[in-house]
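Heads up, the thing below is written out as structure tokens.
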Amino acid sequence: TSVTNISIAIHESVDMKQIKQLIFDLEEHNNIILNGNNDNNKINLKSDRAIVSCIGSGMHHRVGIASKIFTCLSQQNVNIEMISQGSSEISISVVMHKNQMDQAIKAIHKDYIIHDNDKDQDMMNLK
């Protein structure tokens, strides 16, 4: 068997009535697809989450980038709730509680971003 999960990020400015309608529509669609057998297919809503993304062309085909990011966040006691990497391998995004967002961004910048003033761009430090 296989497991399929779909995660949707909704900006905090979206009205709760619209979110509830979306959940209702997804549950109805799910019920139709599974012919009413949806005991193990629940929709969970989590609020107060933040997405932090590390993006850079230097990440493409580099072994260990995700591990470095996860280790950095773990050392700061940032709890990662979800991980996503695009097929292009130039970005890794993590979801966490919004209270940990600033801490996560500062830690990643401190450990892995080189500010190259001559080229006016930031690059991942790939030591």
Side-chain angles (χ1 to χ4, degrees):
T1 65
S2 64
V3 175
T4 302
N5 292 299
I6 299 172
S7 300
I8 301 171
I10 301 172
H11 194 270
E12 61 190 14
S13 65
V14 176
D15 183 63
M16 185 54 76
K17 183 177 178 182
Q18 292 175 299
I19 294 171
K20 287 181 180 180
Q21 182 62 51
L22 173 63
I23 291 171
F24 177 81
D25 292 344
L26 289 170
E27 287 174 339
E28 286 296 308
H29 182 73
N30 192 34
N31 196 33
I32 292 168
I33 290 173
L34 298 172
N35 295 320
N37 185 16
N38 65 350
D39 293 338
N40 295 320
N41 295 290
K42 306 279 189 242
I43 295 177
N44 298 309
L45 176 64
K46 291 187 176 183
S47 58
D48 300 324
R49 297 302 184 264
I51 301 172
V52 174
S53 297
C54 299
I55 304 167
S57 59
M59 297 171 63
H60 185 66
H61 293 303
R62 295 295 297 258
V63 176
I65 298 296
S67 174
K68 287 182 180 187
I69 294 168
F70 303 151
T71 298
C72 171
L73 295 176
S74 174
Q75 289 172 344
Q76 295 297 314
N77 293 319
V78 173
N79 184 42
I80 299 171
E81 296 181 14
M82 186 173 70
I83 303 162
S84 177
Q85 181 176 19
S87 61
S88 66
E89 297 182 18
I90 63 166
S91 68
I92 297 174
S93 298
V94 293
V95 175
M96 65 203 60
H97 194 277
K98 72 177 186 179
N99 292 342
Q100 295 184 308
M101 181 185 70
D102 289 337
Q103 179 182 358
I105 292 170
K106 288 175 185 175
I108 291 168
H109 272 261
K110 179 178 174 259
D111 288 356
Y112 298 109
I113 303 296
I114 299 171
H115 298 287
D116 188 343
N117 294 329
D118 295 333
K119 295 180 182 177
D120 196 33
Q121 67 185 65
D122 292 340
M123 300 178 292
M124 290 293 289
N125 181 358
L126 304 174
K127 297 178 188 174

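One-based numbering along the sequence shown. Excluded from the calculations below are hydrogen atoms, water molecules and symmetry mates; all remaining heavy atoms, backbone and side chain alike, are included.
Residues M101 and V95 do not share a hydrophobic cluster, clusters being chains of Ile/Leu/Val/Met/Phe/Trp/Tyr side chains in contact below 4.5 Å. With hydrophobic clusters built from ILVMFWY side chains whose heavy atoms lie under 4.5 angstrom apart, V14 shares a cluster with I6. There is a path of hydrophobic side-chain contacts, each under 4.5 Å, that joins M59 to I105. Residues I80 and I69 fall within the same hydrophobic cluster, defined by Ile, Leu, Val, Met, Phe, Trp and Tyr side chains chained together at heavy-atom separations under 4.5 Å. Linking ILVMFWY residues whenever their side-chain heavy atoms come closer than 4.5 Å, directly or via other members, places I43 and L22 in the same cluster.
Here the side chain of Q103 pairs no donor or acceptor atom with the backbone of V78 at under 3.5 angstrom. Between the side chain of S74 and the backbone N or O of F70 there is no donor-acceptor pair closer than 3.5 Å. Of the possible polar contacts, none joining the E89 side chain to the R62 backbone as a donor-acceptor pair under 3.5 Å is found.
Considering all non-hydrogen atoms of both residues, Q100 and N77 come closest at NE2-O, 2.9 Å. Heavy atoms only, all atoms of each residue included: A104 and L73 are closest at CB-CD2, 3.5 Å. Across all their heavy atoms, D15 and K17 have their closest contact at OD2-CB, 2.9 Å.
Here the rule is side chain to side chain contact (heavy atoms under 4.5 Å, CB included) with S93, and of I51, V52, I83 only I51 fits it.
Distance check, rounded to the nearest 0.5 Å: OG of S53 to CD1 of I90 gives 11.0 Å. Taking NE2 of H29 as the reference point, atom CD of E27 lies at 13.0 Å (rounded to 0.5 Å). Interatomic distance, CD1 of I23 versus CG of L45, reported as 4.5 Å (0.5 Å rounding).
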- [ ] Verify side-chain contact (heavy atoms from CB on, under 4.5 Å) between N79 and M96, making sure each step is shown before the conclusion.
- [x] CA-CA 6 Å; N79 184 42; M96 65 203 60; over 6 Å; no
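The side chain to side chain donor-acceptor pair (under 3.5 Å) search around E81 returns R49, not counting sequence neighbours.
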